[in-house]
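Structure below; questions to follow.
To find a chain, count down the sequence lines: A is the first, B the second, and so on, and within it residues start at 1. These values consider heavy atoms only, across backbone and side chains, with no hydrogens, waters or symmetry-generated copies.
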There are 2 protein chains.
Amino acid sequence: MTATLTHTEENYLKAIYKANEKTKEAVSTNMIAQYMNTSPASVTDMMKKLSTKGLIIYERYKGSRLSSEGSKSATSVIRKHRLWETFLVQKLGFSWEKVHDIAEELEHIHSEELINRLDDYLGFPKYDPHGDPIPSADGKFTLREQIIVSQLNIGEVGVLVGVKNHETSFLDHLNKCHISLGTSIAILDKSSFDKSLQVHIDNDHQILLTHEVSKNLLVRKS
Amino acid sequence: MTATLTHTEENYLKAIYKANEKTKEAVSTNMIAQYMNTSPASVTDMMKKLSTKGLIIYERYKGSRLSSEGSKSATSVIRKHRLWETFLVQKLGFSWEKVHDIAEELEHIHSEELINRLDDYLGFPKYDPHGDPIPSADGKFTLREQIIVSQLNIGEVGVLVGVKNHETSFLDHLNKCHISLGTSIAILDKSSFDKSLQVHIDNDHQILLTHEVSKNLLVRKS
DNA sequence: ATATATTTTTAGATAAGTCTAAATATTTAT
DNA sequence: ATAAATATTTAGACTTATCTAAAAATATAT
């Protein structure tokens, strides 16, 4: 058991894992196709294969969900991705908007000893450079109290603990606004018209956050 | 140009590079098949492909050699392999006999920025944990005076600077003999019958090195 | 120099992952 | 409840990298 999977198989499992995080239900073929940026027909082919291997539970026209073994594999890939991202930022000095694509490759290096030694080397971090929780060697996530910044009321203050979008363009935008993990965000005003937020950043400067931006910002109330 | 190559293409280029290091001539299809542990027929197919891409010069029945672009790619893969091995040993505490297979995977991660930052992080090492020279970012190797230990005369002393075999079983054997990079080896006697060497290790203990072992030990005369 | 052995290439198949177009199932709307 | 819209699967084809078996070229030995 725990046979070696191809990069593609691992990517499909990861996609199902992430899609299921949102919907909490069996994931549709179309949704997986979107995540994988491929055609629904290709997804169907792969679902049959992963199903035969016992990694997912798949029913024609009903969607797919991870088996416990598939879930273990997906979690392992996510662990590798997040530990490598942490390494790239903390040790090699990359900035957070440049590490995603490199980690997409590194997450498929198979050695468990490697990733466990890396974990140790980094001091067993609980969160990666985007604030996502890093599963431990036994697959456990460390969760925390967090809300989307727009859920704060006027007058309340939050500290940025994570971002829901990892695209370079989004993170570059945050860099321009001097927003990074640990930044404090105080709500000055909320527009009910366009859902934008007028905020005070680090008690230093005022800016407007569009809904497109704010919906991707996770904060801890402070 | 400098299009992204598949793992397999990179491995073929590396095989041709290494085979050519020995023969200095065009490399035969059979020899590449041995290096790649595959069939000559598969090699022929790949030679046509690499030739079309301008990475090798291939003539039917005459063998293959790297073009300057192919040589650049091969050197880049070797650089990655050796830097990752250095990282695994120096930073993650792996011992030298366990790093080869992991580095075989890591060498195919494509980011040049990654490998250059890693190089910097490691302090621009000139040699890897097996004593092989690490090409710099511009492809230059740092060579050094070295001979095979059996070329020393009785009474002479050498310091181990490299090994020509990276197999776990060979390196494990050296570990048992307490031989590692930097170990001093003094020649006490040489058998002309089986080419074995009686040696003194680190002025500490005497052992017999079979030809099978000694032909893989590179030393600097001291 | 000619037969034999060796090396290399060609021919035809297979498996993984992908595609488009067509067929089928399910959902939604009236 | 039936038609229309949407989602999913099937069918058939393509690419990459591999294989075995057979054919062709080259090298070797007497």
- request: Mind calculating the distance between CE (Met47(B)) and C1' (dT8(C)) to the nearest angstrom?
  value: 13 Å
- request: Starting from C1' on dA16(C), measure out to CE on Met46(A) and report it in whole angstrom.
  value: 8 Å
message: Please report the distance, rounded to the nearest Å, between CG in Asp45(B) and C1' in dT16(D).
response: 10 Å
Those residues that, when tested against Glu212(B), pass salt bridge (charged side-chain N to carboxylate O under 4.0 Å, His left out) (two or more places apart): Lys215(B)
- prompt: Can a side chain N or O of Asn30(B) be found less than 4.0 Å away from OP1 or OP2 on dT8(C)?
  reply: yes
- prompt: Hey, does Thr29(A) reach any base, or is it just sugar-phosphate, or nothing, if we go heavy atoms under 4.0 Å?
  reply: sugar-phosphate
query: Over how many whole Å does the gap from Leu50(B) atom CG to dT18(D) atom P extend?
result: 11 Å
No-hydrogen, no-angle side-chain donor-acceptor test under 3.5 Å, Glu25(A) and Thr23(A): no
Separation of atom CE in Met31(B) from atom P in dT6(C), rounded to whole Å: 17 Å
- prompt: Quick one: is dT8(D) close enough that its OP1 or OP2 comes under 4.0 Å of any side-chain N or O from Tyr58(A)?
  reply: no
Spacing of Tyr12(A) atom OH relative to dT18(C) atom P, expressed in whole Å: 4 Å
task: Looking at every strand, decide which applies to Ser42(B) at a 4.0 Å heavy-atom threshold: base, sugar-phosphate, or nothing.
output: base
- prompt: Once you round it to whole Å, what is the distance between C1' of dT26(C) and CZ of Arg60(A)?
  reply: 12 Å
message: At 4.0 Å (heavy atoms only), tell me whether Lys62(B) reaches a base, stays on the sugar-phosphate, or touches nothing.
response: nothing
query: Taking CD1 from Ile32(B) and P from dT18(D), how many angstroms apart are they, rounded to a whole number?
result: 13 Å
query: Sequence neighbours excluded, which residues qualify as side-chain contact (heavy atoms from CB on, under 4.5 Å) partners of Asp194(A)?
result: Ser191(A), Ser196(A)
message: Considering every strand and a 4.0 Å limit on heavy-atom distances, what is the contact class for Ser39(A): base, sugar-phosphate, or nothing?
response: base
query: Can a salt bridge be assigned to the pair Glu113(A) and Arg117(A) using a cut-off of 4.0 Å between side-chain N and carboxylate O?
result: yes
query: Does a nitrogen or oxygen in the side chain of Tyr61(B) sit under 4.0 Å from OP1 or OP2 of dA23(D)?
result: no
query: Is there a donor-acceptor contact under 3.5 Å linking the side chains of Asn11(A) and His108(A)?
result: yes
